[in-house]
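Below you'll find the structure, written out as structure tokens, and then a few comments.
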Number of protein chains: 2
Amino acid sequence: MNITTKSKYAVRALVELARRNSDVPVPLIVLAEARGIPSQFLEQLFSALRRAGILQSFRGVYGGFSFNRPPDQITVLDIVEILDGPIEPAVCTSDDACDKRAICSVGDVWVQAKLSVEEVLSGVTIQELALRESSLDGASMYYI
Amino acid sequence: MNITTKSKYAVRALVELARRNSDVPVPLIVLAEARGIPSQFLEQLFSALRRAGILQSFRGVYGGFSFNRPPDQITVLDIVEILDGPIEPAVCTSDDACDKRAICSVGDVWVQAKLSVEEVLSGVTIQELALRESSLDGASMYYI
DNA sequence: TGTAATCCTGACTGAATAGGTGAGGTTTTG
DNA sequence: CAAAACCTCACCTATTCAGTCAGGATTACA
């Protein structure tokens, strides 16, 4: 299972949501248009994130999404695992996928690759990405 | 592009070839059967590895494959890149895949993940894997 | 020369996954 | 009741995966 556009889109939309730092829910369509994401596709993703406890949703007029967990406690790995499932950069990394583990050291290589990806992705939060973007576009916050 | 069974099969077969340490070519069917790999599938993979300069092939009776480069100079990353293409654990990691790099710091995360996988896979050679296996199954070499 | 062993290659295929779209339903506000 | 928003399930098309098939080319040896 690869890391697909699901995670890519979701992370971008979450960063957008974090940057707005709104105390009222933000409608999904707003996030989708701001980042060029197909809105019906994003609906599926945000629905899954809500069920997973990452987001809160509010229906009806003035409805939308807001974080259910602070964005500095949401890692990119969290998002990837919810939307794309466990990371498996290669086969043979899950417990029972390979019946030859006892006599085959090759699998260790794929496991190491998996672990290193998890380490990178679990080391970055949505909050951090939002801050990085803020410092990128303008950096005016430091000079006003 | 994920890491597929192509790389998995190829690495296993190459480790088998390295362990035989034969000075005559080893027929592909022998390697395939030793490791439970569909032989016609492995043919495609070994063909590609030969074209890439990793293997030598010899046709006809007593033909087979042998290394064209010493197995301690063949990394797992070499094999993966030949058979599965450049590693892209996520989208947005190749140069022109994302048109928003200038304003989007999110891509950096995927690039870091890609680099960490490359680092792991380029740090392991076929020779090392062959030696690890030898020390695994029996370790009798130390006691006879 | 014939035959068996072996590599070589391109076409094909069934199943799964990726990346969405469509249609309609439910909830809330005014 | 209308509009805005979320919710959900079914569907769809293109691509990729993991091979299989069929046949050809080369070599060793009897």
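Residue numbering restarts at 1 for every chain, and letters A, B, ... go by the order of the sequence lines. None of the values given here were measured: they were computed from a predicted structure.
- Rounded to an integer number of Å, the gap from B/Phe46 CZ to C/dT9 P is 15 Å.
- A straight line from CG of B/Leu45 to P of C/dC8 spans 13 Å, rounded to a whole angstrom.
- Side-chain atoms of B/Thr4 lie closest to D/dC17 of the nucleotides D/dC7, D/dG19, D/dC17.
- Atom P of nucleotide D/dA5 and atom CG of A/Leu31 are separated by 12 Å, given to the nearest angstrom.
- The nucleotide whose nearest atom lies closest to any side-chain atom of A/Val61 is, among C/dC8, C/dT28, C/dA5, C/dT28.
- Remark: A/Tyr9 is in phosphate contact with C/dG20, judged by side-chain N or O atoms under 4.0 Å from OP1 or OP2.
- Contact annotation: A/Ser47 side-chain N/O to D/dC6 OP1/OP2 distance is not under 4.0 Å.
- Contact between the side-chain N/O atoms of B/Arg51 and the OP1/OP2 oxygens of C/dC7 is not found at any separation under 4.0 Å.
- Residue contacts shown for A/Phe58 are limited to sugar-phosphate atoms, with no base heavy atom under 4.0 Å away.
- In this structure, the CG atom of A/Leu49 is 14 Å from the C1' atom of D/dC7, given to the nearest Å.
- Distance from the side chain of B/Phe41 is smallest to D/dG19 among C/dT21, C/dT29, D/dG19.
- Pairing each heavy atom of B/Pro25 with each of B/Gly64, the nearest pair is CB-C, 3.5 Å.
- In terms of phosphate contacts, B/Arg50 brings a side-chain nitrogen or oxygen within less than 4.0 Å of OP1 or OP2 of C/dC8.
- Closest contact between the side chain of A/Pro38 and the listed nucleotides C/dG20, C/dA11, D/dA5 involves C/dG20.
- In the set C/dG22, D/dG19, D/dC7, the nucleotide with an atom closest to the side chain of A/Gln40 is C/dG22.
- Between B/Tyr62 atom OH and D/dA30 atom P the separation is 8 Å, expressed in whole Å.
- Of the listed nucleotides (D/dT27, D/dC6, D/dC9), D/dC6 has the atom at the smallest distance from the side chain of A/Pro27.
- Taken from OG in B/Ser66 to CZ in B/Arg50, the straight-line distance is 12.0 Å, to the nearest 0.5 Å.
- Each of D/dT26, D/dT8, C/dA11 was ranked by its minimum atom distance to the side chain of B/Arg59; first place goes to D/dT26.
- Looking only at atom types and distance, the side chain of B/Ser7 has a donor-acceptor partner in the side chain of B/Asp84 under 3.5 Å away.
- For the pair A/Ile29 CD1 and D/dC7 P, the computed distance is 15 Å after rounding to whole Å.
- Within the structure, a side-chain polar atom (N or O) of B/Ser57 is placed less than 4.0 Å from OP1 or OP2 of C/dC8.
- Distance from the side chain of A/Gln44 is smallest to C/dT21 among D/dC7, D/dA28, C/dT21.
- As rounded to whole Å, 12 Å separates atom P of C/dG19 from atom CD1 of A/Ile3.
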